[in-house]
Amino acid sequence: MAEIVSLQEGIRTLLNNGDTVALEGFTHLIPMAAGHEIIRQGFKNLTVVRLTPDLICDQLIGMGCVSKLVFSWGGNPGVGSLHRFRDAIENGWPSKLEIDEHSHAGLTNRFVAGASGLPFAVMRGYKGTGLEKYSPTVAPITCPFTGEELVAVAAVNPDLSVIHAQRADRKGNVQLWGITGIQKEAVLSGKKSLVTVEEIVDELKPHPGDVVLPSWLVTAVAEVPGGSKPSYAAGYYQRDNDFYIAWDEISRDKDRFLAWIEQNVLKGDG
Amino acid sequence: MAEIVSLQEGIRTLLNNGDTVALEGFTHLIPMAAGHEIIRQGFKNLTVVRLTPDLICDQLIGMGCVSKLVFSWGGNPGVGSLHRFRDAIENGWPSKLEIDEHSHAGLTNRFVAGASGLPFAVMRGYKGTGLEKYSPTVAPITCPFTGEELVAVAAVNPDLSVIHAQRADRKGNVQLWGITGIQKEAVLSGKKSLVTVEEIVDELKPHPGDVVLPSWLVTAVAEVPGGSKPSYAAGYYQRDNDFYIAWDEISRDKDRFLAWIEQNVLKGDG
Amino acid sequence: MVEQLQYTSDEMMSIAAARQLKDGQVCFIGIGLPSKAANLARRLHAPNLTMIYESGTLGAKPTVLPLSIGDGELAETADAVVSVPEIFNYLLQPGRIDVGFLGAAQIDKFANLNSTVIGDYKTPKVRLPGAGGAPEIAGACKDVIIMLRQSTKSFVDQIPFITSVGYGSGAQDRAKLGLRGGGPSIVITDLGILEPDPFTKELVLTQVHPNVEIATVVKNKTGWDLRVAEEIKVTEPPSKEELEAIRSLKSAGK
Amino acid sequence: MVEQLQYTSDEMMSIAAARQLKDGQVCFIGIGLPSKAANLARRLHAPNLTMIYESGTLGAKPTVLPLSIGDGELAETADAVVSVPEIFNYLLQPGRIDVGFLGAAQIDKFANLNSTVIGDYKTPKVRLPGAGGAPEIAGACKDVIIMLRQSTKSFVDQIPFITSVGYGSGAQDRAKLGLRGGGPSIVITDLGILEPDPFTKELVLTQVHPNVEIATVVKNKTGWDLRVAEEIKVTEPPSKEELEAIRSLKSAGK
C-alpha cells in the first residue's frame with residue numbers, strides 16, 4: 001500500500017545518489033516540483049530516463065544532478081533547443097553528460113518491457129538509422145515463426161519512477177486523466193514509485209479517460225498542488241505556454257539560468 | 001471509415017467459408033447475435049479464435065460451422081462443461097474439431113502481437129506445461145541482452161474480428177465500457193472488423209472507463225440491441241446467469257440442442 | 001459444554017482456505033472454491049484483501065459470489081478495471097500478485113495440476129476446459145494456494161497433462177524452467193492440508209480436518225503413496241462466526 | 001486584371017503542403033509546419049482529416065495551433081485519447097496511418113533525414129533534439145510528406161546522422177531494411193517541390209513556387225547536384241481563401 005508522504009520526505013527516502021530515476025509525463029502532468037526537490041536536495045550522478053527531457057531535465061542537467069540521460073526527444077516543445085542539455089553535451093557544462101538515445105517508440109517499448117517483467121520488447125524500428133549503431137540497448141532479433149528480423153530493445157527498470165497525477169485518495173489510490181502518456185508504464189517499471197498529486201481526496205470519483213493506479217502498485221504519494229507547472233494538469237490549470245517560450249531566454253545564458261534556479265527553486269519550495 | 005450495415009449484411013459481406021474469425025468479449029459484451037447470424041447463414045470450415053469459447057462457440061461448433069478452434073479456456077463459466085465442444089473433441093460430432101490451445105496470457109499476447117503489426121510477442125509462460133508441446137504457435141526465444149530464454153507466441157490476425165459494444169455514433173466511432181477484455185486488440189488484429197452495438201446515437205458522450213475505437217479503425221458497425229444476451233452489456237442489461245445454468249441441460253443432449261437452435265436461432269433473428 | 005456446530009466438508013475446506021489469506025494481500029482468484037474462500041476472508045479477518053479477477057477487475061468487492069469471473073458487479077465495485085493484456089502482462093507476469101488461488105481436476109505429488117484432459121491429449125476420454133489463466137498464475141504469483149477435493153481420481157500418481165507447474169519433477173525444476181513465483185505452499189482439500197516438503201517439494205499430509213482419519217486419506221483418497229508429517233495437526237473446526245459468514249454468502253444466478 | 005495577392009514563402013510552403021492532404025485521410029503530425037499545414041487543410045478542403053498527435057490524441061480538432069504535441073486542447077477535442085504505447089504499437093507500427101508529416105534539420109538526396117546532430121555524434125557541433133517519433137513515422141506510414149526550408153545547410157550531400165530513413169542509399173533499401181511504409185512521396189520547401197524519381201528514388205525538383213528561379217534552387221539552395229524534371233511546373237499561387245484561412249490560424253502561447 002502506498003504511503004502518504006511530503007514531497008521532501010518522498011524524495012529523501014526513495015532516491016539515492018547514482019540511482020536511475022524516471023520522471024514521466026508526456027507534455028501533460030510533468031512532475032516539475034519533484035524535479036525541483038531533487039535539485040534542492042542536491043542529488044548527484046543520477047541517470048534520468050524520460051522520453052521528452054523538457055524543462056525539468058534542462059534544470060536538473062544544468063544543476064549538475066545528472067550524469068546520464070536516457071531519452072528520445074530533447075527539445076523545448078514548439079520553441080526550440082534545451083540550452084542546458086545542449087551545453088552539457090556540446091561543452092560538458094557543468095559536467096559531461098552521457099546519453100543513451102532512442103526513438104519515442106523505442107523508449108516507450110523499453111518502459112513497456114520493464115512494466116511487463118520482461119528483459120526486452122520487440123518492435124519494428126531503428127533499421128537504417130544511426131540510433132541503432134550508438135545505443136547499447138538496441139539489438140536485432142529474429143522471429144522464430146517467420147524468420148523475419150526485427151528489433152529488440154532492453155527493458156528499463158528505474159530505481160525510482162516519479163509521475164504527477166490529478167488526485168489520490170487517502171489509501172494512496174492514484175487517478176489521472178487527459179493525456180496519460182507513458183505514466184502507467186513508468187510507475188510499473190520502477191522498483192519504487194513516487195506520485196505527486198494535485199490533491200488528496202476522500203474518494204476518487206470516476207472520470208472519463210481516467211487511469212487508476214491502485215495503492216498496492218505505488219510506493220508513495222505526496223500532495224503537491226501545482227506540482228506540474230509550467231506543464232499542466234487537466235481539470236486544474238492550463239499549460240503555461242508563455243513560460244516555455246520565456247525559458248528559451250532564461251536558459252540560454254548560464255548565469256541567468258543559475259540566478260533563476262536560485263530565485264525560483266533553491267529559495268522557494270516550488 | 002466504418003460503414004453502418006445490418007447484421008445480416010455485415011456477416012454476409014465480411015465473412016467467407018474457411019476464414020479465421022475472432023469473436024471476442026471477455027464474459028461481458030459477447031457478440032452472441034453475430035454468432036447466431038453465422039449459424040443462420042450456414043458458414044462452414046471456420047477457424048474460430050476466442051479466449052473463452054463459451055456458449056457462442058458451443059453453438060457454432062454444435063451446428064458444424066467450425067473446423068478449428070483457437071482458445072484458452074473452454075468451459076461454461078461457473079457452471080461446468082461446454083457439451084457441444086466436448087462432444088466435438090471427444091466424439092467428432094458433428095465433425096472433427098482441430099484445436100490450437102493456449103493459456104489466457106498466451107492467446108492474449110497473440111492478439112497483442114497481431115494488433116501491433118508484429119509476427120510474435122514475448123512472454124513468460126508455458127514452460128514445463130503440456131501446452132508448449134502441442135501448440136505450433138509457441139516457441140522459445142532468447143533475450144539478446146541477458147541470454148534468458150523466454151517464450152514467443154505467434155501473432156493472430158483473423159480475417160474478421162467481431163465484437164459487441166454499447167454504442168456507436170453515425171460516423172461509426174465505437175464506444176464500450178465496463179470489462180473491455182481483449183476487444184480492442186481483437187479489432188486491431190483483424191484484417192476486417194464488425195462491431196455490433198446496442199444502439200447507434202448522434203453523439204458519444206464520454207463515459208468513465210470507456211474505450212473508443214475511432215471509425216477509421218473499424219470496417220463495419222451494425223445496430224443489434226440485446227446483441228450479447230445471455231451475456232451482458234453494462235448500462236443496458238445484466239448477465240442472464242440463469243440461462244448459463246440452463247444451457248448445461250439444453251446442450252447436454254444433441255437433439256435438445258438442435259431443437260433449441262431451430263427454435264431460437266434458425267426461426268428467429270436473435 | 002462446548003456447542004457442537006454442524007458443517008459440511010466443503011464448508012470446512014473453504015474456511016480453511018480463507019484462514020490462509022492475510023489482510024492486505026493481493027489475490028488473483030478464479031471462480032468457484034477460490035472465489036468463495038477469498039470473499040469469505042474479506043468478510044472475516046481480511047477486510048483489506050485485494051481481489052483480482054482475470055477479467056480485469058482490480059479490488060472487486062462483490063456483495064454476492066459471482067457466477068463468472070466477469071460478472072457486472074465485479075466491475076462496478078472494482079477500484080479499477082483494466083484490459084486483459086494489462087492483467088496478464090503488467091500485473092501477473094512481473095510477480096506483483098501475493099497469492100494465486102488455483103483449482104484443477106487433478107494434482108500429482110509435486111503439485112503439478114491438470115485441468116486439460118483425462119486420457120490421451122489427442123483422443124481424450126474427458127475434455128476439460130483447459131488452462132485459462134492457471135499456468136501463469138502458477139508461474140508468477142509469490143505464493144500459490146491450491147484447492148481440490150481429494151480422491152484417488154483427483155490425487156494421482158501421474159497426471160496425463162501438465163496444465164500448471166507446481167514443482168515439476170522436484171525441487172530444482174522451477175528455477176530451471178525460469179518460473180519466478182514461489183510455487184504452491186499449500187494444498188487444501190475437503191479432508192485436510194498438504195504442504196510441500198521444504199527439501200524435496202513432495203507433498204506431505206500435514207493436517208487433517210476434524211473427524212478425518214489419516215489412514216483413510218492415505219489409503220483411500222490419494223493415488224500415490226502419500227507421506228504423512230511426523231506431527232500431524234488437526235484443523236481447528238469452523239467457528240460460529242465463520243459458519244455464519246460462509247452461509248451468508250449468496251451466489252449469483254442460483 | 002487579376003488581383004495580385006501578397007504572401008510569404010512560408011505561407012506558400014504551408015499552403016502547398018495542405019493541398020497534398022486529401023479529405024478523410026488519417027495523418028500523424030508533429031508541431032510546427034506540419035501541424036499548421038494539417039490544420040489549414042482541415043479548414044479548407046479536408047474537413048474530415050483525422051489528425052493524430054503522438055501524445056495520444058486521435059482526431060484532435062484544435063481551434064488554435066498547439067504549441068506542443070500535448071496541449072490540453074488536443075485532448076479535449078479528440079475523438080479518443082490513448083496511451084503512448086498504443087499510439088506507437090497499435091496505431092503507427094502496423095501501418096494504419098495514411099500520411100506521416102516530417103520536418104528535420106537536414107535532408108539528403110534520398111530523402112533521409114537528420115534531426116539529431118550537426119557534426120560528429122560523440123562531439124557534436126550542434127546537438128539537435130533527436131528522433132522523437134520520426135524514425136517509425138518514416139518507416140511505417142503509407143505515405144510520408146516532408147517539409148523543410150531549403151538551403152545548402154539543410155539540403156546536404158551527406159547527412160552526419162540518419163535519424164529517419166527515406167530511401168537509404170537507393171531504391172532497394174526500404175525493402176532490405178524491412179520498412180513497410182511507402183516512404184516519402186514529396187518534399188515541400190519554401191522554394192518548390194521535390195519528388196523521388198520513380199526508379200532511382202533520388203529527389204528531383206518537379207515544381208517551383210511562383211517567382212522562384214530554378215537555377216537559384218539548384219545552384220544556391222541545394223548542397224548536391226540537384227536533378228530537375230524535364231517538365232517543371234510552377235505552383236499555383238495561394239488563393240484568397242487559402243490566405244485568409246492561414247492568417248486566421250492563431251497559435252497557442254504567442
Side-chain angles (χ1 to χ4, degrees), chain A residues 26-28 51-53 71-82 85-86 88-90 99 101-106 108-109 111-112 123-131 133-134 148-150 177-185 209 211 231-232 234 238-245, chain D residues 31-32 35 54-57 66-72 74-76 80-85 87-89 92-94 112 114 116-117 121-136 138-140 160-165 168 173-174 176-180 251-254:
Chain A
F26 201 81
T27 313
H28 178 215
L51 268 70
T52 55
F71 77 106
S72 46
W73 193 82
N76 181 343
V79 179
S81 288
L82 289 178
F85 159 83
R86 282 187 57 180
I89 293 179
E90 294 170 13
I99 57 173
E101 180 169 7
H102 288 268
S103 67
H104 279 345
T108 292
N109 277 298
F111 274 119
V112 169
M123 60 178 290
R124 297 179 184 283
Y126 292 91
K127 294 293 181 65
T129 73
L131 297 164
K133 194 162 61 183
Y134 288 106
E148 188 181 0
E149 191 182 295
L150 297 128
W177 65 86
I179 292 171
T180 56
I182 190 79
Q183 281 100 308
K184 180 182 279 192
E185 290 76 14
V211 167
S231 166
Y232 72 108
Q238 299 211 318
R239 192 171 192 268
D240 186 354
N241 281 327
D242 292 338
F243 184 81
Y244 274 83
I245 294 167
Chain D
I31 288 301
S35 176
E54 67 198 5
S55 56
T57 57
L67 184 66
S68 79
I69 45 83
D71 276 21
L74 299 178
E76 287 157 21
V81 181
V82 300
S83 72
V84 166
I87 274 283
F88 287 109
N89 290 347
L92 179 60
Q93 180 168 266
N112 303 301
N114 171 27
T116 303
V117 284
Y121 183 74
K122 298 270 185 183
T123 53
K125 200 171 145 228
V126 181
R127 173 64 224 201
L128 302 166
E136 287 77 21
F161 192 99
I162 298 182
T163 311
S164 308
V165 177
D173 273 21
R174 286 188 70 88
K176 272 190 221 155
L177 294 167
L179 304 177
R180 305 199 301 178
S251 294
K254 277 179 181 167

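Just so you know, these numbers use all the heavy atoms, side chains as well, and skip hydrogens, waters and symmetry mates. Numbered from 1 within each chain, the chains take letters A, B, ... in sequence-line order. This one's a predicted model, so the numbers in the text were calculated from it and none came from an experiment.
For D:T123, no part lies under 4.5 angstrom from a heavy atom of chain A. If you measure heavy-atom distances from D:P85 to chain A, the contacts under 4.5 Å come from both the backbone and the side chain. There is no contact between D:L92 and chain A, counting heavy-atom distances below 4.5 Å. For D:E136, the part lying under 4.5 angstrom from a heavy atom of chain A is the side chain only. Contacts between D:V117 and chain A at a heavy-atom distance below 4.5 Å are absent for every atom of the residue. There is no contact between D:R174 and chain A, counting heavy-atom distances below 4.5 Å.
Smallest separation of non-hydrogen atoms from A:H28 and A:A234: NE2-N, 2.9 Å.
In this structure D:K176 satisfies the side chain to side chain contact (heavy atoms under 4.5 Å, CB included) test together with D:Q172, D:D173, sequence neighbours excluded. Under the ring pair (Phe, Tyr, Trp, His ring centres under 6.0 Å) criterion, A:W177 pairs with A:H207, sequence neighbours left out.
With chain D as partner, the option from A:V112, A:I99, A:L131 having the largest number of non-hydrogen pairs under 4.5 angstrom is A:L131. Options D:G72, D:G178, D:P66 differ in how many heavy-atom pairs under 4.5 Å they form with chain A, and the most are formed by D:G72. The choice from D:N114, D:L179, D:N89 that makes the most heavy-atom pairs within less than 4.5 Å of chain A is D:N89.
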Task: side chain to side chain donor-acceptor pair (under 3.5 Å) between A:H102 and A:S72, worked out - done: CA-CA 5 Å; A:H102 288 268; A:S72 46; over 6 Å; no

